[in-house]
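Okay, so here's the structure we're looking at.
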Amino acid sequence: MDTLCKDDIVAMIRAIRSTMEEQRDHLIELDAAMGDGDLGLTMVKAFVAADEYAASSDLTDLGKLLMQAGMTMAKAAPSTMGTLAATGFMRGGKALAGKESIDGADLAAFLRAFAAGIKERGKTEVGNKTILDVMHPAATAAEQAAADAVAPAGVLAAAAAAARTGWEEAKGMQAQHGRQAYYREQSIGKADPGATAGLFIIQAMLGAVESKEKS
Amino acid sequence: MDTLCKDDIVAMIRAIRSTMEEQRDHLIELDAAMGDGDLGLTMVKAFVAADEYAASSDLTDLGKLLMQAGMTMAKAAPSTMGTLAATGFMRGGKALAGKESIDGADLAAFLRAFAAGIKERGKTEVGNKTILDVMHPAATAAEQAAADAVAPAGVLAAAAAAARTGWEEAKGMQAQHGRQAYYREQSIGKADPGATAGLFIIQAMLGAVESKEKS
Amino acid sequence: MKKFINDPKNFVNDMLEGILCAHPKQLTHVNDDRHCIVKAGPKRKGKVGIATGGGSGHLPLFLGYVGEGLLDGCAVGDVFQSPSSDQMFEVTKAIDSGAGVLYIYGNYGGDIMNFDMAAEMASMEDIRVEQVVAGEDVASAPKGEEGKRRGVAGIFFVYKCAGAKADELASLDEVKRVADKAAANVRTMGVALSPNIIPEIGKPQFSLGENEMEIGMGIHGEPGIRRGELRSAEEIVQEMLPPILDDIPIKKGDEVSILMNGLGATPLEELYVLYRTVHRMVVERGIAVFNVYLGEFATSLEMAGASISVFRLDDELKALLSTSARSPFFEQLTIG
Amino acid sequence: MKKFINDPKNFVNDMLEGILCAHPKQLTHVNDDRHCIVKAGPKRKGKVGIATGGGSGHLPLFLGYVGEGLLDGCAVGDVFQSPSSDQMFEVTKAIDSGAGVLYIYGNYGGDIMNFDMAAEMASMEDIRVEQVVAGEDVASAPKGEEGKRRGVAGIFFVYKCAGAKADELASLDEVKRVADKAAANVRTMGVALSPNIIPEIGKPQFSLGENEMEIGMGIHGEPGIRRGELRSAEEIVQEMLPPILDDIPIKKGDEVSILMNGLGATPLEELYVLYRTVHRMVVERGIAVFNVYLGEFATSLEMAGASISVFRLDDELKALLSTSARSPFFEQLTIG
Ligand SMILES: Nc1ncnc2c1ncn2[C@@H]1O[C@H](COP(=O)(O)OP(=O)(O)O)[C@@H](O)[C@H]1O
Ligand SMILES: Nc1ncnc2c1ncn2[C@@H]1O[C@H](COP(=O)(O)OP(=O)(O)O)[C@@H](O)[C@H]1O
Ligand SMILES: [Mg+2]
Ligand SMILES: [Mg+2]
Ligand SMILES: [Mg+2]
Ligand SMILES: [Mg+2]
């Protein structure tokens, strides 16, 4: 299958929601270790809202759908990660404006805009132990795969693999932003909660496309 | 021995202090059950102050000495029982003004004025489950003994026996005053903290005189 | 016992030292005794002096209401202990400007006896003293036995109205009349969720189960009406408010000021959650809310809990309540 | 979890409902959303609007400083959560009277991103917005990295001075200048004794041993400088105060206002015990104390703990600090 239709995008968002619900307590724990422990709650809130919006939306413009989903998330979960994830969807969606179906290159463009949005909103760089350390390599890997005309599932598989590596690398970094930064050197060696949530997003997107292929 | 001298009175106050120090936790517990738990603290404070005052006083007028001891107690321990005990000493001492030695009748007069002072200051009556239910019968028994020209030790022995009976009877009463009264029927059957402190005062007075006779 | 203290024995003294050096323009002490707090600055000739007193551990009660348009002096006791008659007498002398002194304090045995003694001493020095004993906790004694009721947070209204009246240079009788009237028009009930710890004792004063509350409990841990499982904020208010309103009674057409008081550890957020239901129920009964005081007005160290006081207003009380006032613990700009 | 709440999910909403019905003459909300709190009554033409915002659980922060001589609006988030950019934008529109809007808020990632987004939205509607981010917790980042510091109770001084300046109908640039100056002259440090419980999570946010304290801890439980055995009040202040004073530095001959803040469960009595040592040390350094604010100004639900903020004054800041102000949570009569 070379393109994803609206149902696939809606299923993708649903898959992210399910993952967040499953991982709620895990994310709370990760965030509580060096933050305020809210990440599990806010990610669930954000993606429940996105899912409810997407499932009931009449839009056929998938870019607009993703953008609106992002705006819904911004209202539902205005925490750091809620806002960053919302910004990612808004910018990613904007990059796909007008599209009623989505191919591998579109997914790569979505991820690139997502990462760029986070970078700008968070005033951060790669290497600061944030979600960007997952989203940026994921976008780069997705672009490479798309350049080879790979289909959506393959693009997302490449993105997920790079995300996973980025997530591992981020572990070794020292946090520079948010509550984690107050822990300075102590943050080194620990998984970054936001990076973990980012990894879950990409893995859930891949999972949704894969399970569709199987069915 | 038919009269008590200044040393005996000072020893009496010292004996009350020691008893209160020994019974501190017991009184706290009794008061905590239906009050604020301060009784052990305030009785110790009151009689430490009285003892320190009496031990260093130059007064030869024993009535005045007891009165001043009472005033010292009023400053040191202005709780309900602290104030009542202080009033008792002030009124009791006043009744003995001018005396440089004290016989059995004087002790009876002291206890009568003590009880009357409590009654007036507390605006209470016998039967309300207070220290008065100990001090009133003690004063009456002391008066009877003194009428038979009994010596101080005998007067105090009679007072202590009556006090003990009064203390038992007060157990069966329902509290009408102070924090204990908020427990209404629940107070029936329990020892009254103030009555217990009153019993200790009389028992310590007796103990001081008895141990002197032995030595 | 996790507390910011030095030697527990010096707790009250350290606190008073802190208060006096924090607010030197507003408060001072007399007789070389920090327990004898009076308003700083010159006395106002012809103004009735108002004194209060009581144990420590209830800030802003009692000394927190010494200030402009409020009280003139306060005798401060140890934690949960009456101050001595001596200290009350010193405060009395210091604040009398010839117009007499009104004592306003809560209905507790030790305080009553000591204020009685102080009044006797004052009368020997020809200072006229009158007394108003506040007791408005409906949980502490049934209707008909009002004289046995504890005074709790509602005393704030008595202070405020009497203070405003004294500021008008009214006579002692007039100030007392107003204080009596205020005291007669306020009713309170409390609920506790957790105990406090007296520094010198070092362990909790009473215990409540992990999921228990006690409705009607007093600010020294005196027993309440019912101990039971913690209910929702709505259910708690539904249980507490009717006995408060039905006691005077306060009814349709009346206008009230409401004091939603925290006992120490309870966050303001939770007090507002409680107030939400108070408001709905009061309005449903056709009672008008003039204003709301919400915060800590009478506490019990770090006790978690709250109390609700309702003050029935008439034109006179409303005017007195509305004047400006200023103490280190309570400031109010003129209302209206 | 012993709290006065209904459904934990509705905690913030119930609280806001309580606040709005308790203070209808002072506060209202816009856009049909109780999270968008603004001052009741008409806007003053030509006055710069000041908005703040932040998570719930810190009352009187943040919405408690919306009032006369203070702020004009506040966007309210969930417990310890930023409000949304949308809500900030609605508040911004509601309070702009044409003179522009100043955002004053604490240095937290979520808040910054959302205020940035709101400012972008406002600029699209031609509302001029400036921002001042308060960060004065010296425990949260070393000197040289001031930009990383958390904003805590000291933001009160920024609000007060900016609010007074805006009341003079000063321009947006002038109000911002004053807010920046206030923010540059305040330093804070906190100490925690016990954790808080977020209603929706239901268990303590962190744990401290039976006899432990954490010096430098933030109001969301962010790590401090040192965790260790609870010391005496004097020793705690001796550890906390020097880093506060040495940071600007505040030195001999300076005049300061001091804010001794309780984090929630700590009794006022203990804050005064702490203040006693603060005062002695400040005076020993030859620093003059202009006035003291003591109470709860920025809390963390039922956390036991305290923070000390020192605000270095000059004539301008002193005059701005001294004007009268009135919100449901903070009233001040003119000082001096
Ligand atoms: N400035 C930033 N830019 C990008 N990502 C950030 C930034 N600050 C924090 N993050 C990410 O956000 C995560 C924390 O998210 P969240 O729990 O929502 O924060 P908070 O609870 O402090 O608002 C971090 O693990 C990190 O990945
Ligand atoms: N009005 C009263 N008259 C006489 N005795 C009283 C009165 N009220 C209380 N008492 C006595 O005081 C005792 C309690 O003393 P105390 O613990 O000092 O009271 P509190 O702590 O309430 O001030 C009671 O057990 C009772 O014997
Ligand atoms: Mg977090
Ligand atoms: Mg007692
Ligand atoms: Mg007592
Ligand atoms: Mg957060």
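Lettering of chains follows the sequences in order, A, B, ..., and the numbering in each one begins at 1.
Summarising the geometry, atom NZ belonging to D/K148 is positioned 4.5 Å from atom CD belonging to A/Q176; distances are rounded to the nearest 0.5 Å. The OH atom of D/Y108 sits 10.5 Å away from the CG atom of A/D36 when rounded to the nearest 0.5 Å. The CD1 atom of D/I112 sits 11.5 Å away from atom CZ of A/R121, with the distance rounded to the nearest 0.5 Å. Between A/K45 atom NZ and D/Q81 atom CD the span is 6.5 Å, to the nearest 0.5 Å. We find the OG1-CG distance between A/T83 and D/D111 to be 9.0 Å, quoted to the nearest 0.5 Å.
Counting heavy-atom neighbours within 6.0 Å of A/M71 CE, excluding the residue itself, gives a total of 12 or less. More than 12 non-hydrogen atoms from other residues, nucleotides or ligands lie less than 6.0 angstrom from NZ of D/K93. The 12-atom threshold is not exceeded at CZ of A/R14, counting heavy atoms of other residues, nucleotides or ligands nearer than 6.0 Å. Residue A/K6 qualifies as enclosed at atom NZ: its count of foreign heavy atoms under 6.0 Å is above 12. Enclosure of atom NZ in D/K9 is not indicated, since only 12 or fewer non-hydrogen atoms of other residues, nucleotides or ligands lie within 6.0 angstrom.
For D/P223, the parts lying near chain A are the backbone and the side chain together; criterion is any non-hydrogen pair under 4.5 Å. Contact annotation for D/D78: only side-chain heavy atoms (C-beta onward) come within less than 4.5 Å of a heavy atom of chain A. Neither the backbone nor the side chain of A/I28 comes within contact range of chain D, judged by heavy atoms closer than 4.5 Å. With a 4.5 Å cut-off on non-hydrogen atoms, D/D116 touches chain A through its backbone and its side chain both. For D/A139, no part sits under 4.5 Å from any heavy atom of chain A, backbone or side chain.
Proximity to chain D among residues 180-188 of chain A is limited to A/Y182, A/Y183, A/R184, judged by heavy-atom separations below 4.5 angstrom.
Pairing each heavy atom of D/S84 with each of A/A74, the nearest pair is CB-O, 3.4 Å. Nearest heavy atom pair, residue D/S82 against residue A/P78, reads O-CG, 2.9 Å.
Counting heavy-atom pairs under 4.5 Å between each of D/G218, D/P83, D/G55 and chain A puts D/P83 at the top.
Looking only at side-chain heavy atoms (C-beta outward), D/M113 and A/T87 stay at 4.5 Å or farther from each other.
Sorted by first and then second residue, the pairs that involve residues 33-78 of chain A and meet ring pair (Phe, Tyr, Trp, His ring centres under 6.0 Å), not counting sequence neighbours, are A/F47-A/F89.
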